[in-house]
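Some notes on the structure that comes next.
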Protein chains: 2
Amino acid sequence: MPVIDVHNHVVPEGFPESPPSCCEKWPSMKLRPDGKSVVMFGAKEFRVLDSRCWDVARRTADMDKEQIDVQALSPMPELLSYWMSADDAVAVGRHANGLIGEMVAKAPRRFVGLGMVPMQDPQLAAKELSALRSAGFAGVEIGSNINGKPPGDPFFDPFFAEAERLDMAVFVHALHPVGTDRVVGPHRLVTYLNFPVDTGFAVASMITGRTLEKFPKLRVAFSHGGGTFAAILPRLAMGWNGNAELQKSFAEPVKTARRFYYDNLIYDIDLLRHLLKVFGSSQIFLGTDYPFDARQKFPVEFLDQLGLGAPEADALRGGNAAAFLNLSR
Amino acid sequence: MPVIDVHNHVVPEGFPESPPSCCEKWPSMKLRPDGKSVVMFGAKEFRVLDSRCWDVARRTADMDKEQIDVQALSPMPELLSYWMSADDAVAVGRHANGLIGEMVAKAPRRFVGLGMVPMQDPQLAAKELSALRSAGFAGVEIGSNINGKPPGDPFFDPFFAEAERLDMAVFVHALHPVGTDRVVGPHRLVTYLNFPVDTGFAVASMITGRTLEKFPKLRVAFSHGGGTFAAILPRLAMGWNGNAELQKSFAEPVKTARRFYYDNLIYDIDLLRHLLKVFGSSQIFLGTDYPFDARQKFPVEFLDQLGLGAPEADALRGGNAAAFLNLSR
């Protein structure tokens, strides 16, 4: 069983000029005197990064060092561009998807593609999804919210209907999270405190919004172990069990929660043990956030701390990811 | 060791007339033809309730049935009145605190008091706190946010300084939570999905806001097991360990988290086992939400599922609560 990392990101080495239609947050790359690159959104420096974001040789060498056989490549989430017009987001998306397609073509046994689509226009997102399917992508990455709307909102049904029909995996990643007004201290705390919360709300929305009831063959995964959702689920289940209105509104939440996939990017082995109990050992796979600062180093050794036997260990290392991505197709 | 329930609520059987100064959300009680009472805020029916909210004999009989020796009585959180002028909130607070004082006087071996103070004016809150201390209260209940500000905001330092000085316990309860725009489905889901999130942010704010660094003898507890906080802590710790700016801003978060108290109102024994690992068996105590719908029935049996030996079991049943409330004074 190959070891598969479903949570890692790419950024193109450069970007096309901003089109006339766009806009204050168009991406670009600035080369610094020290040789590092800075990805910009409009005039704002967003993140310092290096060639690991786009260089296949460097990336596969790093994968070899950490025993990763396959990466499912997805765009750095800030590229998702939901805050632009849908047409401008398509332009950014095709550029990012183009890089992913090239990387997969250069090393088809090491990479699979999770592209991006303009979720602010679900019909257009469905159309772009079809093109990605034709180009051999395994699925897409979407945000934990789209301009404040959680993915379980029925607004997105046309997209999920097409994802189900095309057998495209959907990886939901934390993005522009809720509750930044609740944070005291340095702004970078938002990354640590609010990302998991937004992801938790995304999971909840797809349960209470009946996404899998409407699209039963859809495969959906959540970043960061589903964020805060496992901490909320028992309370949601208690409420559901005691309330007829909720029972009519959506299916029993614990069962639905165990049909989603979750990565293990949670930095704590006791929490991972708990998530295995909550979601089941068939639903959790490896994710690292490579090549960014928050990445889980030595991800296989991290999993090994669980001390699991072969069938479960293989499932977590790669089997569950292969099922989520449907690599057998 | 007596069994102590720190999370339960009272509501006065009636309220004084709205003062001329106040305001669209003044509380009142409406008696329904079926004999039930409805607590109103302005013209809005908030909750159907019964005499368990104020009747000492009925309450102690229920406590006997469920092996609870002592309840720490706190107001129904919607009474906290942070959205009124501070003076009007003082009027509501003195009325609610008056009921708590009467109940404690009627059954001093069964009840201790957790009152309420106008946190929207921390200096005035400190003054009211002093009166509660003189009246024999063990502490106060405050909201997980005060008009959107989390309790770790330095705005509240004058209050916490006085709580530390007066040896008054502070029980932080979920209230008017963040992220209601992230919920898909019936509005009542906010109670289940958003309460834990707001409590989680409250815990985080008191770590990143250095509350215990400024007031080291302060005793603070959080409702609902700290909500989502345990799910966020490993990510916060990872961020802190890798970042000098955060290390300068506040102390190591795991250690601080293990100085707070948390109730066990989480409805799931596996989650409770996990919280015991995260926070330590000296920091968690029993809470039931009596007499409301979301209450944990048979709370002692729930704890017994842990299968703990005498010293730890006694700590969870009452020892930790007695330490939080400083019942020995």
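Labels below follow one simple rule: chain letters A, B, ... track the order of the sequence lines, proteins then strands, and each chain is numbered from 1.
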Practice problem: Give, as side chain, backbone, both or neither, the part of B:F195 having an atom under 4.5 angstrom from any heavy atom of chain A. | Solution: side chain

Self-check item: Sequence-distant partners of B:F298, ring-ring contact (aromatic ring centres under 6.0 Å, His included), two or more places apart
Solution: none

Practice problem: Check whether A:L236 gets within reach of chain B through its side chain, its backbone, both or neither, counting any heavy atom under 4.5 Å. | Solution: both

Quiz prompt | Proximity breakdown for A:F250 and chain B, heavy-atom pairs closer than 4.5 Å | solution = side chain

Self-check item: Side chains of B:V184 and A:F155 in contact at under 4.5 Å (non-hydrogen atoms)
Solution: no

Step through the atoms of chain B and chain A and list each donor-acceptor pair whose separation is under 3.5 Å.
{"from": "B:G148", "atom 1": "O", "to": "A:R182", "atom 2": "NH1", "distance (Å)": "3.2"}
{"from": "B:R182", "atom 1": "NE", "to": "A:D198", "atom 2": "OD1", "distance (Å)": "3.1"}
{"from": "B:R182", "atom 1": "NH1", "to": "A:G148", "atom 2": "O", "distance (Å)": "3.2"}
{"from": "B:R182", "atom 1": "NH2", "to": "A:D198", "atom 2": "OD1", "distance (Å)": "3.0"}
{"from": "B:V184", "atom 1": "O", "to": "A:T208", "atom 2": "OG1", "distance (Å)": "2.5"}
{"from": "B:T191", "atom 1": "O", "to": "A:R235", "atom 2": "NE", "distance (Å)": "3.0"}
{"from": "B:T191", "atom 1": "O", "to": "A:R235", "atom 2": "NH2", "distance (Å)": "2.9"}
{"from": "B:D198", "atom 1": "OD1", "to": "A:R182", "atom 2": "NE", "distance (Å)": "3.1"}
{"from": "B:D198", "atom 1": "OD1", "to": "A:R182", "atom 2": "NH2", "distance (Å)": "3.0"}
{"from": "B:T208", "atom 1": "OG1", "to": "A:V184", "atom 2": "O", "distance (Å)": "2.5"}
{"from": "B:H224", "atom 1": "NE2", "to": "A:R235", "atom 2": "NH1", "distance (Å)": "3.4"}
{"from": "B:R235", "atom 1": "NE", "to": "A:T191", "atom 2": "O", "distance (Å)": "3.0"}
{"from": "B:R235", "atom 1": "NH1", "to": "A:H224", "atom 2": "NE2", "distance (Å)": "3.4"}
{"from": "B:R235", "atom 1": "NH2", "to": "A:T191", "atom 2": "O", "distance (Å)": "2.9"}

Quiz item: Any idea which heavy atoms bring A:P234 and B:L271 closest together, and the distance?
Solution: CG-CD2, 4.0 Å

Quiz item: Taking every heavy-atom pair that is under 4.5 Å apart, which of B:L246, B:V183, B:L265 has the most such pairs with chain A?
Solution: B:L246

Quiz prompt | Gap separating the CD1 atom of A:I207 from the CG atom of B:L193, nearest 0.5 angstrom | solution = 9.0 Å

